[in-house]
Amino acid sequence: MRAVVQRVDGANVVVDGETVGEIVGQGLCVLIGVTHDDTPEKAAQLARKLWSVRTLQGEKSCSDTAAPLLVISQFTLYGDARKGRRPTWNAAAPGGVAEPLVDEVVAQLRKLGAHVETGRFGADMKVSLTNDGPFTVLIEV
């Protein structure tokens, strides 16, 4: 699993003109990509890492501050554009594999006590955020 994590001061996801997920104030916007060999155990590991990684102001984590997370599935994180002009998506897991694992990350975060908002899997999503810093890291498990 691969996650692009951005420290934000507010973020939201809109689908067909409707806001489906939104966090206000400081938190994390997390884009998650799933590949073929990912497992529920990796999803749980990623959730623990997201909850405890010290990316917020003052080297704090979401677990330290109860900061919310906006989690959005994004298969394009496994795109490969090394050859030619068109990326390939061969490394990205198909929806039937990826969706339950993204849902598992969300479930594990909530089990840890996190407030989690989400996008809508497979939808054409419009993501808006204010990157705080800017601060962006890549996490792989």
Side-chain angles (χ1 to χ4, degrees), residues 1-16 18-141:
M1 296 189 98
R2 183 176 287 168
V4 173
V5 180
Q6 298 179 63
R7 181 176 66 203
V8 298
D9 185 19
N12 68 59
V13 179
V14 174
V15 176
D16 294 328
E18 172 194 356
T19 300
V20 296
E22 180 175 32
I23 60 174
V24 177
Q26 190 173 78
L28 298 179
C29 181
V30 182
L31 307 174
I32 295 179
V34 178
T35 194
H36 301 282
D37 62 352
D38 285 333
T39 63
E41 292 76 22
K42 284 187 177 183
Q45 181 182 3
L46 179 59
R48 288 189 302 272
K49 180 64 117 174
L50 293 170
W51 185 233
S52 63
V53 68
R54 295 175 178 227
T55 55
L56 300 177
Q57 295 288 346
E59 294 189 16
K60 304 266 187 195
S61 67
C62 288
S63 65
D64 294 330
T65 64
L69 299 95
L70 176 60
V71 174
I72 303 162
S73 64
Q74 187 169 352
F75 78 93
T76 62
L77 293 182
Y78 278 100
D80 184 352
R82 289 179 288 184
K83 292 183 182 178
R85 297 181 300 148
R86 183 175 299 157
T88 64
W89 315 111
N90 296 336
V97 173
E99 185 173 12
L101 290 173
V102 173
D103 289 346
E104 183 65 16
V105 172
V106 171
Q108 290 294 323
L109 279 165
R110 288 178 175 151
K111 186 175 177 184
L112 292 167
H115 173 83
V116 183
E117 295 283 323
T118 65
R120 186 172 296 152
F121 192 91
D124 181 19
M125 296 179 273
K126 307 298 182 208
V127 180
S128 298
L129 59 91
T130 301
N131 193 313
D132 182 11
F135 191 101
T136 304
V137 295
L138 176 66
I139 297 176
E140 293 192 72
V141 295

*Asks:* Can you sort out the partners of Arg2 under side chain to side chain donor-acceptor pair (under 3.5 Å), two or more places apart, ordered by chain and number?
*Replies:* Glu140

*Asks:* Testing the basics here: between Leu46 and Ala3, what is the closest heavy-atom pair and its distance to 0.1 Å?
*Replies:* CD1-CB, 4.1 Å

*Asks:* For Asp16, I'd like to know if atom CG has over 12 heavy atoms of other residues, nucleotides or ligands within 6.0 Å.
*Replies:* no

*Asks:* Quick check: closest heavy atoms across Leu129 and Cys29, and the distance to 0.1 Å?
*Replies:* CD2-SG, 3.8 Å

*Asks:* Start with the C-alpha distance between Ile32 and Met1, add both sets of side-chain angles, then the distance that settles side-chain contact (heavy atoms from CB on, under 4.5 Å), and finish with yes or no.
*Replies:* CA-CA 7 Å; Ile32 295 179; Met1 296 189 98; 3.9 Å; yes

*Asks:* Are Arg7 and Asp9 within salt-bridge range, i.e. N to O under 4.0 Å?
*Replies:* no

*Asks:* Just to verify, what does Ser63 make a side chain to side chain donor-acceptor pair (under 3.5 Å) with, not counting sequence neighbours?
*Replies:* Ser61

*Asks:* Please, which pairs that meet salt bridge (Lys or Arg N to Asp or Glu O under 4.0 Å) have at least one residue in residues 65-87, sequence neighbours excluded?
*Replies:* Asp80-Arg82

*Asks:* Does the ring centre of Trp89 sit less than 6.0 Å away from the ring centre of Tyr78?
*Replies:* no

*Asks:* Please test Val20 against Thr118 for side-chain contact (heavy atoms from CB on, under 4.5 Å), starting from the C-alpha separation and ending with a verdict.
*Replies:* CA-CA 7 Å; Val20 296; Thr118 65; over 6 Å; no

*Asks:* For the backbone of Phe135 and the side chain of Asn131, can you confirm whether one donor and one acceptor N or O come within less than 3.5 Å of each other?
*Replies:* yes

*Asks:* Let's go through Val106 and Val116 carefully: what are the C-alpha distance in whole Å and the side-chain angles of both, what is the deciding distance for side-chain contact (heavy atoms from CB on, under 4.5 Å) to 0.1 Å, and is it a yes or a no?
*Replies:* CA-CA 7 Å; Val106 171; Val116 183; 3.9 Å; yes

*Asks:* Is there side-chain contact between Glu117 and Val71, with heavy atoms separated by less than 4.5 Å?
*Replies:* no

*Asks:* Name all residues meeting the side chain to side chain donor-acceptor pair (under 3.5 Å) criterion together with His36; count only those two or more places apart in sequence or in a different chain, and write none if there are none.
*Replies:* none

*Asks:* Give the C-alpha distance, both sets of side-chain angles, the deciding distance and a yes or no for side-chain contact (heavy atoms from CB on, under 4.5 Å) between Thr35 and Asp37.
*Replies:* CA-CA 6 Å; Thr35 194; Asp37 62 352; 3.2 Å; yes

*Asks:* Rounded at 0.5 Å granularity, tell me how far OG1 in Thr19 sits from NZ in Lys126.
*Replies:* 13.5 Å

*Asks:* Nearest heavy-atom pair of Val30 and Leu69: which atoms, and what distance?
*Replies:* CG2-CD2, 4.2 Å

*Asks:* Please report the closest heavy-atom contact between Ile23 and Leu28, naming both atoms and the distance.
*Replies:* CD1-O, 3.7 Å

*Asks:* Enter the distance from Leu31:CG to Gln74:CD here, rounded to the nearest 0.5 Å.
*Replies:* 4.5 Å

*Asks:* List the atom pairs, donor and acceptor, that lie under 3.5 Å between side-chain atoms in residues 48-58 and the rest of the protein, sequence neighbours left out.
*Replies:*
from  : atom 1 : to    : atom 2 : distance (Å)
Ser52 : OG     : Arg48 : O      : 2.8

*Asks:* Got a sec, which residues hit side chain to side chain donor-acceptor pair (under 3.5 Å) with Thr39, two or more places apart in sequence or on another chain?
*Replies:* Glu41

*Asks:* Taking all heavy atoms of Ala93 and all of Ala98, pick out the closest pair and write down the distance.
*Replies:* O-CB, 4.1 Å

*Asks:* Any chance you could measure Cys62, atom SG, to His115, atom NE2, to the nearest 0.5 Å?
*Replies:* 11.0 Å

*Asks:* I need the Leu109 CG to Glu104 CD distance, nearest 0.5 Å.
*Replies:* 10.0 Å

*Asks:* If we ignore hydrogens and angles and just use 3.5 Å, is the side chain of Asn12 paired with the main-chain N or O of Gly21 as donor and acceptor?
*Replies:* no

*Asks:* Looking at every heavy atom in both Asp64 and Lys60, which two are closest together, and how far apart are they?
*Replies:* OD2-CA, 3.6 Å

*Asks:* Drop me the distance from Ile72's CD1 to Arg120's CZ, to the nearest 0.5 angstrom.
*Replies:* 12.5 Å

*Asks:* Between CG of Leu101 and CD of Gln108, what distance do you get to the nearest 0.5 Å?
*Replies:* 11.5 Å

